[in-house]
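Throughout, protein chains are lettered first and strands after them, A, B, ... in sequence-line order, and every chain is numbered starting at 1.
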Protein chains: 2
Amino acid sequence: MTTLHIVDDDEAIRDALGWLFQSRNVPVSGWPSAEAFLEAWRPDTAGCLLLDIRMEGMSGLELFDRLLAKGCRMPVIFLTGHGDVPIAVGALKKGARDFVEKPFNDNELVDRVIDALAADAEQREREAGQAGLAARLGTLTQRERQVMELVVAGRLNKVIADELGISMRTVEVHRSHVFEKMRVKTAVELARLLTGAS
Amino acid sequence: MTTLHIVDDDEAIRDALGWLFQSRNVPVSGWPSAEAFLEAWRPDTAGCLLLDIRMEGMSGLELFDRLLAKGCRMPVIFLTGHGDVPIAVGALKKGARDFVEKPFNDNELVDRVIDALAADAEQREREAGQAGLAARLGTLTQRERQVMELVVAGRLNKVIADELGISMRTVEVHRSHVFEKMRVKTAVELARLLTGAS
DNA sequence: GCCGACTCTGCGGATATCCACAATAGCCGC
DNA sequence: GCGGCTATTGTGGATATCCGCAGAGTCGGC
């Protein structure tokens with residue numbers, strides 16, 4: 001299981017949460033400030049975030065914004081003692097996964113964190129697939145990409161040849177290169193790859 | 001533009017909101033209770049919902065639940081004077097579009113309602129397309145559907161013939177019937193239709 | 001200047017797909 | 001029982017796709 005990152009400037013709370021989660025076999029890493037986590041964050045940082053709102057220095061909300069700007073898509077659960085409806089609504093509408101007020105129910109929080117960790121793992125798996133796809137797309141030449149787009153659009157080779165002003169034979173060559181590079185055997189498989197089908 | 005449905009048991013508020021929205025050219029219909037709206041709701045009821053939480057009889061939250069259970073996908077904006085973080089969080093996580101506390105900013109609320117109405121219109125358009133697709137799928141026979149699935153999976157006719165234990169010729173016949181009924185000319189177009197591509 | 005890529009093209013043959021014509025058979029409703 | 005729908009299969013020919021073999025022109029790097 002991947003890690004739960006706890007960001008809270010109160011060491012006592014970090015420790016208490018650390019205890020709680022470790023006792024449930026959830027790996028934890030603690031951060032004393034938003035700045036510290038923001039600094040350490042990398043695009044491949046996995047897991048989920050448990051974020052206190054009110055902290056010395058950068059607030060949890062601002063950290064969330066900065067992470068979003070950096071392209072972070074990790075699930076974020078806010079934890080706060082002084083909840084406020086507009087803040088909660090704003091956070092959720094920006095994509096936070098949850099917003100929990102202290103005092104919280106231990107079991108409930110653990111469940112939500114576990115769900116979030118699972119969601120993150122699932123999403124990373126999907127993205128890994130997409131990355132492989134993107135890498136293969138990157139090996140295509142311009143012409144191959146053009147031909148591929150027309151193939152996926154359902155055009156026949158002769159039509160593609162017409163539209164690109166080249167011979168059918170050339171289209172066939174590019175087409176077969178595309179199939180080879182994308183590791184598919186038929187146009188339908190290619191279309192499914194690109195339109196993101198199961 | 002489609003209608004904003006206001007559900008609030010306080011006639012004064014309904015009137016005030018009605019005034020506000022009508023002055024911005026947003027068509028409004030008012031409902032004095034959750035029960036009244038639930039009764040009148042039909043799957044083709046369009047627009048968006050502005051829902052008071054605390055009301056005599058059924059609460060706004062319960063109305064939301066009942067509507068969800070009935071398959072209602074209209075955008076819902078909650079309006080409440082006595083906000084509460086867990087309630088707001090719960091409503092948003094169930095799919096409410098927004099959760100606004102009184103007193104609210106008129107312009108902001110109008111903007112959010114207009115956005116919601118636009119989102120509803122867009123979604124209905126998408127669903128209309130899906131409905132046409134579903135209707136065409138419904139005209140297919142069992143065999144045709146089986147063949148279609150294998151075609152969309154990228155199998156060649158000979159392989160399909162093998163898997164279904166029938167002759168290639170028969171597969172070709174079913175295949176062309178599928179193309180005709182689904183109004184496409186190639187397997188790729190069919191795949192794009194079913195996997196929901198642009 | 002040579003080598004490697006990308007692009008382009010032609011020929012010919014093996015496969016696959018598309019289609020019209022033609023026919024058999026079971027099932028269901030009128 | 002007849003007509004219509006579904007499913008099945010065949011023949012034969014027009015198109016389309018797949019692929020190996022062969023060659024040629026451009027461009028950029030070593």
Notebook entry, point to check: Would you say the base of dC6(C) and the side-chain of E144(A) have a donor-acceptor pair closer than 3.5 Å?
Noted result: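 Checked by distance alone, the answer is no.
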Margin query: Regarding dT17(C), can its base be found pairing with the side chain of R175(B) as donor and acceptor, where the two atoms are less than 3.5 Å apart?
Written below: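 Side chain to base: no pair below 3.5 Å.
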Margin query: Looking only at side-chain N and O atoms, does N105(A) offer a donor or acceptor that is under 3.5 Å from a partner on R112(A)?
Written below: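 The criterion, which ignores hydrogens and geometry beyond distance, is not satisfied for N105(A) and R112(A).
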Check: Is the shortest side-chain N to carboxylate O distance from K102(A) to D52(A) below 4.0 Å?
Finding: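 Salt bridge between K102(A) and D52(A), a charged N being under 4.0 Å from a carboxylate O: yes.
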Next item on the list: Decide, yes or no, whether a salt bridge links D120(A) with R124(A) under the criterion of side-chain N to carboxylate O below 4.0 Å.
Entry: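 Answer for the salt bridge query: yes.
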How many whole angstroms separate atom [atom1] of [X] from atom [atom2] of [N]?
X: D162(B); N: dT9(D); atom1: CG; atom2: P; result: 12 Å
X: R145(B); N: dT6(D); atom1: CZ; atom2: P; result: 12 Å
X: Q142(B); N: dT8(D); atom1: CD; atom2: C1'; result: 15 Å
X: H174(A); N: dC6(C); atom1: NE2; atom2: P; result: 11 Å
X: E172(A); N: dC21(D); atom1: CD; atom2: P; result: 16 Å
X: K185(A); N: dT17(C); atom1: NZ; atom2: C1'; result: 18 Å
X: H177(B); N: dC5(D); atom1: NE2; atom2: P; result: 12 Å
X: M168(A); N: dG10(C); atom1: CE; atom2: C1'; result: 12 Å

Side-chain N or O of [X] versus OP1/OP2 of [N]: is the shortest distance under 4.0 Å?
X: S167(A); N: dT9(C); value: yes
X: K158(A); N: dA16(D); value: yes
X: N157(A); N: dA16(D); value: no
X: T141(B); N: dA7(D); value: yes
X: T170(B); N: dT9(D); value: yes

Margin query: On DNA chain D, does the nearest nucleotide to L156(A) precede the nearest nucleotide to R169(A) from the 5' side, or the other way round? Give the residue.
Written below: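 Between the two, 5'-proximity favours L156(A).
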Notebook entry, point to check: How close do R192(A) and T195(B) get, heavy atom to heavy atom, and via which atoms?
Noted result: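 Residues R192(A) and T195(B), closest heavy atoms: NH1-CG2, 4.2 Å.
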Next item on the list: Map I166(A) and K181(A) onto DNA chain C by nearest heavy atom, then report which one ends up closer to the 5' terminus.
Entry: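 It is K181(A), whose closest nucleotide lies nearer the 5' terminus.
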Checklist line | 5' precedence on DNA chain C between R143(A) and F179(B) (nearest-nucleotide basis) | finding: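 The answer here is R143(A).
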Margin query: Assigning hydrophobic clusters by single linkage (Ile, Leu, Val, Met, Phe, Trp, Tyr; side-chain heavy-atom cutoff under 4.5 Å), is V100(B) placed with W19(B)?
Written below: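 Result: no, two separate clusters.
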